[in-house]
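Bear in mind the structure is a predicted one, so any value in this text is a computation, not a measurement. All ligand and atom numbering here is 1-based and tracks the order in the structure.
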Amino acid sequence: MANTILVGAQWGDEGKGKIIDVLTENADVVVRSQGGNNAGHTVYVKGQKFVLHLIPSGILRRGKLCVIGNGVVVDPINLVGEIDGLEKLGVQVSPKSLSLSETAHLVFPYHRLLDEQRELAKGKNKIGTTKRGIGPAYGDKVARVGLRVCDLIHPARFEVKLHARIAENNKVLKALGAKTLNFREVHAAYRKAGDRLAPFVRNTVVQLHEAMQDGAAILFEGAQGTFLDIDHGTYPFVTSSNTTAGGACTGSGVAPHRMDKVVGVMKAYTTRVGEGPFPSEDAEISDMLHAMGREFGATTGRARRCGWFDAVVTRQAAMVNGIDDLAITNADGLDTVETIRVCIGYKVGSRKLNYLPNDLEDLAQCVPIYAEFPGWRTPTHEVRDWKKMPAKCKAYLKAISELTGAKLAIASVGPGREQTIFV
Ligand code: GDP
Ligand code: IMO
Ligand code: MG
């Protein structure tokens, strides 16, 4: 397998973790290049559930190298917890299987407190963040006041820098009426995590280039989704990193012309968790999926908002990411629906749009134009061969791929590894 970037084509939770796990079979290295532990990637292997937040989903297959790249923001205490959690479930995580970039930025408790305070201040206009401190941590990175993994593993330097950051942030937190932080406590906990993580820390840019020289195939595991991208998403209802394909290059140090393919993952319908525009949102499909016990967030447990497949959104995702191949997940979620709707354009007054307006006030005026497809009304979760898929299901998946403008490569009919059909 060549170097492949995998991105979410909607608003996150498209099933990226599951598809990464499937594709990892033919990869040597799996890299996370952006986001933090706001991500929640669910993988089922032989009935055992794993939820990955910072560690690439490739960790579940033996003999693969997983890399947390420079573009990720890392909460070290959380990362230690994730390593311990995986080991308890029998997954070995060693410096042979996991590398942590020395230039990845760190998330601190003041980032989480500021995230919470900013959400409170926004009131009903809140973003609905995961409260993991992601926005403030990326803010510090861009403002050039962030601390990095290489600081964490140099105790003397770390102490001085953290002291200054806590002093400044405590002033802000105090002014906001929020609880302030005790330097000693934070320092002790972070130093402990730093000692634990030190063996994993590498110059991951050099490591990835050496791996490529040795002929390794690399899989870049996107977090979040195209419309949560800081530049291309529904700003300000977005996350704070570039979730689109370009983010894989800047967040890993691998050049664009070394990338061979972009895979877009999308659900056969649409979901979004958190606030923000969602033109094809639909109460009926939401209720149906929630009643089936589906579509609850992997990180925060919040019920995801659900709606019909929006081809305007995925077409734009194909454009921004340069998607070659599509993996469509959760096709089985529509097994019982009689008539399936697909948003094929937006109407604004008498105008028709085939793209997402950037101005949210304009987007709020958009009324979806729907096409209808007959449901297949047959269970698909046991199908393993494209030829055996119900004809109406095949027609639907082909149609939404064509509307998106990329090639259908994978159809997924359940959360398990084996519930994957190569088209
Ligand atoms: P990610 O963040 O993109 O990795 O996606 P999440 O793990 O947050 O959410 C996707 C959910 O869909 C998880 O619960 C997966 O186990 C589940 N899933 C993925 N593909 C399928 C599928 O084809 N069918 C069903 N029923 N569930 C799926
Ligand atoms: P995965 O990788 C879905 C959403 C939050 C919120 C917005 C900003 O599992 O697809 P943040 O905490 O990042 O500042 O929140 O982004 N969000 C996600 N939604 N899947 C995710 O990750 C998400 N990560 C962040 O709900 O709307
Ligand atoms: Mg998720």
Side-chain angles (χ1 to χ4, degrees), residues 6-22 32 34-45 48-54 56-57 72-73 75 107 111-112 114-116 118-119 126-139 221-230 233-241 243 264-269 271-278 289 292-306 327-335 379-381 383 397 410-421:
L6 180 139
V7 292
Q10 294 158 324
W11 276 282
D13 301 329
E14 294 90 347
K16 299 177 293 295
K18 167 183 165 162
I19 301 298
I20 285 283
D21 171 66
V22 169
R32 268 285 301 274
Q34 44 72 227
N37 63 332
N38 49 349
H41 297 174
T42 318
V43 184
Y44 282 84
V45 184
Q48 170 75 57
K49 181 180 179 177
F50 298 89
V51 183
L52 289 311
H53 298 284
L54 276 165
S57 305
V72 177
V73 287
D75 179 331
V107 181
H111 293 130
R112 282 197 299 275
L114 285 170
D115 193 353
E116 200 177 310
R118 285 178 189 161
E119 285 283 271
K126 71 176 187 199
I127 295 164
T129 73
T130 60
K131 299 206 181 99
R132 299 298 191 270
I134 304 299
Y138 275 114
E221 175 174 351
Q224 290 82 49
T226 299
F227 295 91
L228 291 172
D229 184 283
I230 186 75
T234 46
Y235 191 91
F237 300 98
V238 293
T239 190
S240 297
S241 63
T243 63
V265 185
M266 57 194 204
K267 279 181 176 144
Y269 46 91
T271 65
R272 157 161 224 175
V273 60
E275 308 305 315
F278 182 176
L289 291 163
M292 290 159 85
R294 299 161 72 127
E295 302 309 343
F296 292 92
T299 296
T300 58
R302 291 177 290 178
R304 295 177 183 143
R305 299 156 62 193
C306 307
I328 305 180
T329 68
N330 288 273
D332 55 307
L334 298 176
D335 282 353
T380 54
H381 64 279
V383 180
L397 298 179
I410 294 175
S412 169
V413 292
R417 237 179 218 176
E418 67 294 348
Q419 291 169 300
T420 310
I421 300 165

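- Judged by the shortest distance from any of its heavy atoms, Gly40 lies inside the 4.0 Å radius around the atoms of ligand 1.
- Between the side chain of Gln34 and the backbone N or O of Ala223 there is at least one donor-acceptor pair closer than 3.5 Å.
- Residues Gly35 and Ser241 approach most closely at N-OG, 3.6 Å, considering heavy atoms.
- Of all non-hydrogen atoms in Val273 and Asp13, the two that sit nearest each other are CG1-OD2, 3.6 Å.
- Ligand 2 has an N or O atom lying under 3.5 Å from an N or O atom of Asn38, backbone or side chain.
- The two residues Tyr44 and Pro415 make their nearest non-hydrogen contact at CD1-CB, 3.4 Å.
- Taking distance alone, with nitrogen or oxygen atoms compared against 3.5 Å, Gly15 approaches ligand 1 more closely than that limit.
- Within the 4.0 Å heavy-atom criterion, both parts of His41, backbone and side chain, lie near ligand 1.
- Residue Lys16 has at least one heavy-atom neighbour below 4.0 Å for each of these atoms of ligand 2: 1 (P), 2 (O), 10 (O).
- Using 4.0 Å as the threshold, Ser240 has no heavy atom nearer than that to any atom of ligand 2.
- Of the possible donor and acceptor atoms, one in the side chain of Arg132 sits under 3.5 Å from a partner among the backbone N and O of Thr299.
- Within the model, atoms CG of Asp115 and CD1 of Ile127 stand 8.0 Å from one another, a figure rounded to the nearest 0.5 Å.
- Nearest to atom 5 (C) of ligand 2 among the protein's heavy atoms is Gly128 O, 3.6 Å.
- Between the choices Leu52, Asp13, Thr130, Val238, the shortest heavy-atom distance to atom 8 (C) of ligand 2 belongs to Val238.
- For the residue pair Thr329/Lys18, the side-chain donor-acceptor check at 3.5 Å is not satisfied.
- Among all non-hydrogen protein atoms, the one lying nearest atom 15 (O) of ligand 2 is Thr129 CA, 3.4 Å.
- Among protein heavy atoms, atom 23 (O) of ligand 1 sits closest to Ser412 OG, 2.5 Å.
- With a 4.0 Å cut-off on non-hydrogen atoms, Asp332 touches ligand 1 through its side chain and not its backbone.
- Rounding to the nearest 0.5 angstrom, the gap separating the OG1 atom in Thr271 from the CZ atom in Phe296 is 12.0 Å.
- Residue Gln419 does not touch ligand 1, judged by heavy-atom distances below 4.0 Å.
- At distances below 3.5 Å, at least one donor-acceptor pair connects side-chain atoms of Arg302 with backbone N or O atoms of Gly128.
- From Leu52, atom CG reaches atom OG of Ser57 across 4.0 Å, with rounding to the nearest 0.5 Å.
- The backbone N or O of Leu6 sits nowhere less than 3.5 Å from a side-chain atom of Glu221 that would complete a donor-acceptor pair.
- Not a single heavy atom of Gly8 sits under 4.0 Å from any atom of ligand 1.
- Set against the non-hydrogen atoms of Ile127, the atoms of ligand 2 under 4.0 Å away are 8 (C), 27 (O).
- Gly40 lies close to the Mg ion (ligand 3), since one of its N, O or S atoms is found at a distance under 2.8 Å.
- No side-chain donor-acceptor contact under 3.5 Å links Thr380 and Asp332.
- Of all protein heavy atoms, the one lying nearest to atom 7 (O) of ligand 1 is Thr42 OG1, 2.6 Å.
- When each atom of ligand 2 is checked for a heavy atom of Ala39 under 4.0 Å away, the hits are 1 (P), 2 (O), 9 (O), 22 (O).
- Taking a cut-off of under 4.0 Å to the non-hydrogen atoms of Gly17, the atoms of ligand 1 that pass are 4 (O).
- Residue Asp13 has at least one N or O atom closer than 3.5 Å to an N or O atom of ligand 1.
- Under a 4.0 angstrom heavy-atom cut-off, Arg302 registers as being in contact with ligand 2.
- In this structure, CG on Asn37 lies 7.0 Å from OG1 on Thr130, to the nearest 0.5 angstrom.
- To the nearest 0.5 Å, atoms NZ (Lys16) and OG1 (Thr42) are separated by 9.5 Å.
- Thr300 and Lys131 share no side-chain donor-acceptor pair at under 3.5 Å.
- Every atom of ligand 1 with a heavy atom of Val413 under 4.0 Å away is listed here by number and element: 23 (O), 24 (N).
- Around atom 4 (C) of ligand 2, the closest heavy atom drawn from Leu228, Thr300, Thr239 belongs to Leu228.
- With rounding to the nearest 0.5 Å, the separation of CG in Asn330 from NZ in Lys267 is 5.5 Å.
- Contact analysis leaves Lys267 out of contact with ligand 1, as no non-hydrogen atom separation drops below 4.0 angstrom.
- Closest heavy-atom approach to atom 21 (C) of ligand 2 among the candidates Gln224, Glu14, Arg304: Gln224.
- With hydrogens and angles disregarded, a donor-acceptor distance shorter than 3.5 Å links the side chain of Asp229 to the backbone of Thr243.
- Contact annotation for Val265 and ligand 1: no heavy atom of the residue comes within less than 4.0 Å of the ligand.
- Nearest non-hydrogen protein atom to atom 25 (C) of ligand 1 is Asn330 OD1, 3.2 Å.
- At under 3.5 Å, a nitrogen or oxygen of Gly414, whether backbone or side chain, sits near a nitrogen or oxygen of ligand 1.
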- Message: If you apply the rule side-chain contact (heavy atoms from CB on, under 4.5 Å), what do you find for Thr234 with Arg272, and how did you get there?
- Response: CA-CA 12 Å; Thr234 46; Arg272 157 161 224 175; 3.3 Å; yes
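- When Val265, Thr226, Ile19 are each tested for a side chain to side chain contact (heavy atoms under 4.5 Å, CB included) with Glu14, only one passes: Val265.
- Checked by atom type and distance alone, the side chain of His381 never pairs as donor or acceptor with a backbone atom of Val413 at under 3.5 Å.
- Close approach to His41 involves these atoms of ligand 2, each under 4.0 Å from a residue heavy atom: 1 (P), 2 (O), 9 (O).
- Every atom of ligand 1 is numbered from 1 in the order shown, and the set under 4.0 Å from a heavy atom of Tyr44 is 16 (O).
- Residue contact annotation: Phe237 has no non-hydrogen atom under 4.0 Å from ligand 2.
- Within ligand 2, counting atoms from 1 as listed, the ones closer than 4.0 Å to a heavy atom of Trp11 are 3 (C), 19 (N).
- Any N or O atom pair closer than 3.5 Å counts here, and Lys18 shares no such pair with ligand 1.
- Of all atoms in ligand 2, numbered sequentially from 1 with element shown, those under 4.0 Å from a heavy atom of Ala223 are 2 (O).
- Looking at atom 27 (O) of ligand 2, its nearest protein heavy atom turns out to be Val273 O, 3.2 Å.
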- Item | Worked verdict on Tyr235 versus Ile230 for side-chain contact (heavy atoms from CB on, under 4.5 Å) | CA-CA 7 Å; Tyr235 191 91; Ile230 186 75; 3.9 Å; yes
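- The Arg294 neighbourhood of ligand 1 comprises atoms 25 (C), 26 (N), with distances under 4.0 Å to a heavy atom of that residue.
- Closest to the Mg ion (ligand 3) among the N, O or S atoms of Asp13 is OD1.
- At least one heavy atom of Arg304 sits under 4.0 Å from some atom of ligand 1.
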